[in-house]
Amino acid sequence: MKKRLTMAAAVLLLFVSAGAQAVNINFVTAGTASTFYPISAAICQIWNEQIDGMRATATPSGGGIDNLNQAYDGEAQIGIATLSLVCQAREGQASFEGYANENLRIFAGLYVNPNQLVVTEASGIQTLEDLAGRHISVGAPGSTTVDEAVVHLAAAGLSLDDVKAEYMGTSESADAISNKQLDGVWVMAGTPNAAVTQILTTTDARLLPIPPETVEKLKDNYPWYVPYIIPAGTYEGQEEDVPTSAVKLTLFVTNDVDEEIVYQMTRLFWENWDSLQQTHAALRRADPMEACSELAGVPLHEGAARYYREKGILKE
C-alpha cells in the first residue's frame, strides 16, 4: 500500500478553472462487469450535471478492500464496501493492519448482504464444524467473501487450513460444484443470487443454516453482524426459511470532502432514487429510511448527516 498522500495532493482537489471552482471525486465500486459499476457511473453523471464544478468519475476497482486501500492512499473519495471492511479499515485490523484510516465516514447504508453457504447433499455437511476437511470455495482472492469465511470458520473453531480451500469467483465456483469438484461454495451477496440459483438448480445442493446463536457469538467481536432470514421460496426448491448472518453494504466517503459538497451529493443521490432503482435492480433492496441504521458505530459524514436530519431519517 502506498504511503498516505499529502493533503495538497490527496482526496479532494479544489482549483479554479474558467472562473469556477472544480471538485474532483473518484467513485470506486468493483469491476466493469459488476452490479455496482454501472450504478456508480449513473450517479456520477447526475452529480456532474447538477453540482457546479463537479468532476466525478466512476473508476473500476478490485472491490471493497481495494476501494478502502485507494481511500487510504487518497486515490478515491467515495466507494462501496461492506460495513465490516469499513470498520476494519478505520481500526487498522485484518487486511488493513498497520493502516488505520480514521478519515472514513458513511455516506449511506444500503442493504444487508447475507452469507450464503451452499453445500452438496452428498457431502453430508450439516454445520459449520462439518466443513473441516471438505473442499470449499471461499471466494476470489482478496474478496470480502474470503474474510467472511475466515470469521465464520473461527467461530466454529476452524481456520482456512482446516478446509480444502479453493479461491474462486462465484461463477467459477458454480461451475466447479456442478462438475462435482467441490463440496460447498461460500457466497456473500444479495438474494436471489445468480450463482446460488445455478448451483441449486443444477446440483443436489442446499443452503446451510447459520443459526442465530452463531450470529450472536460473532457479534461479541464483530458488531457489524445481524441475523438474517433467507425466506422460503427465494430459490427454486427451497421449502423452508434459512437463517444466516448478514453485513450491511455501505457507501463510504472520506471526511476531507467538503461538508456542503457531500450534502449535495447525498441529496441528489436520494432525490434520484426512483429513477436509479428502475434502471438498477440491485438498489431495490435498499431503503432510504435505513440509510443511517446498523452502522456499528461508524460515523456519518456531517454533510450526509445534515441531509438525513432534514428528512427526519436521522434523529439526534
Side-chain angles (χ1 to χ4, degrees), residues 1-15 22-32 34 36-37 39-41 43-44 47 54-110 113 139-148 150-151 167 188 221-224 247-259 261-262 265-266 269 295-305:
M1 185 181 296
K2 300 175 184 177
K3 296 180 180 178
R4 183 185 294 276
L5 302 180
T6 63
M7 186 62 70
V11 198
L12 186 65
L13 303 176
L14 298 177
F15 58 93
V23 181
N24 289 352
I25 296 290
N26 188 23
F27 191 169
V28 287
T29 54
T32 55
S34 70
F36 269 88
Y37 176 76
I39 295 173
S40 65
I43 295 168
C44 284
W47 290 338
M54 175 66 77
R55 295 180 179 177
T57 304
T59 304
S61 76
I65 293 174
D66 183 29
N67 295 343
L68 289 159
N69 286 341
Q70 289 195 55
Y72 181 91
D73 291 335
E75 296 174 354
Q77 290 70 56
I78 186 168
I80 195 164
T82 59
L83 182 60
S84 54
L85 291 179
V86 175
C87 290
Q88 290 169 348
R90 279 177 54 85
E91 299 296 327
Q93 299 172 345
S95 300
F96 310 97
E97 186 173 357
Y99 299 95
N101 187 2
E102 296 180 357
N103 193 39
L104 294 169
R105 298 290 186 271
I106 297 296
F107 179 89
L110 296 176
N113 258 358
S143 68
T144 301
T145 307
V146 175
D147 283 352
E148 289 299 311
V150 169
V151 169
Y167 297 87
M188 191 190 197
N221 294 316
Y222 309 105
W224 48 79
V247 179
K248 199 156 201 174
L249 189 66
T250 71
L251 287 174
F252 67 83
V253 64
T254 52
N255 197 42
D256 36 15
V257 181
D258 180 75
E259 178 183 327
I261 291 296
V262 175
M265 291 166 64
T266 310
F269 178 78
L295 297 179
V298 179
L300 292 158
H301 191 289
E302 185 53 37

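By convention here, the first residue in the shown sequence is residue 1. If you're wondering where the values come from, they're calculated on a predicted model, not measured in any experiment.
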Which value, rounded to the nearest 0.5 Å, describes the distance between Arg105 atom CZ and Asp256 atom CG? 9.5 Å

For a 4.5 angstrom cut-off between non-hydrogen side-chain atoms, does Asn69 reach Phe96? yes

For the pair Leu251 and Phe269, evaluate side chain to side chain contact (heavy atoms under 4.5 Å, CB included) and give the outcome as yes or no after the intermediate values. CA-CA 11 Å; Leu251 287 174; Phe269 178 78; 4.0 Å; yes

Among Thr29, Leu85, Leu68, exactly one meets side chain to side chain contact (heavy atoms under 4.5 Å, CB included) together with Ile80. Which residue is that? Thr29

Do you know which two heavy atoms are closest between Trp224 and Leu83, and how far apart they sit? CB-CD2, 3.9 Å

With salt bridge (Lys or Arg N to Asp or Glu O under 4.0 Å) as the rule and sequence neighbours excluded, what pairs involving residues 81-96 come up? none

Hey, what do you get for OG1 (Thr254) to CG (Asn101), rounding to the nearest 0.5 Å? 8.0 Å

What heavy-atom pair brings Cys44 and Thr57 nearest, and what distance separates the two atoms? SG-C, 3.7 Å

Rounded distance (nearest 0.5 Å) linking atom OG1 of Thr250 with atom CG of Leu110: 7.0 Å

To check you understand the geometry: which heavy-atom pair defines the closest contact between Asp147 and Ser95, and what is its length? OD2-OG, 3.9 Å

Between Phe252 and Ile78, the two heavy atoms sitting closest are O-CG1, 3.1 Å

So do Ile25 and Val257 actually touch side chain to side chain, heavy atoms under 4.5 Å? yes

Between OG1 of Thr266 and CD1 of Ile261, what distance do you get to the nearest 0.5 Å? 11.0 Å

Would you find a donor on one side and an acceptor on the other, under 3.5 Å apart, between the side chain of Asn26 and the backbone of Gln77? no

Taking the side chain as every heavy atom from C-beta outward, state whether Val146 and Pro141 have any atom pair closer than 4.5 Å. no

Write down the atom of Ala304, the atom of Phe107, and the distance for their closest heavy-atom approach. CB-O, 3.7 Å

Check: Val28 main-chain N/O paired with Thr59 side-chain donor or acceptor under 3.5 Å: no

Could you give the distance from NE2 (His301) to CD (Glu259), rounded to the nearest 0.5 Å? 7.5 Å

To the nearest 0.5 Å, tell me how far Tyr167 OH sits from Thr145 OG1. 12.5 Å

Decide yes or no for Val247 and Tyr222: does some side-chain heavy atom of the first lie under 4.5 Å from some side-chain heavy atom of the second? no

Is the Trp47 ring parallel, tilted or perpendicular to the Phe27 ring (thresholds 30°, 60°)? parallel

Closest non-hydrogen atoms of Thr144 and Met188, given as atom of the first, atom of the second and distance, are CG2-SD, 3.9 Å

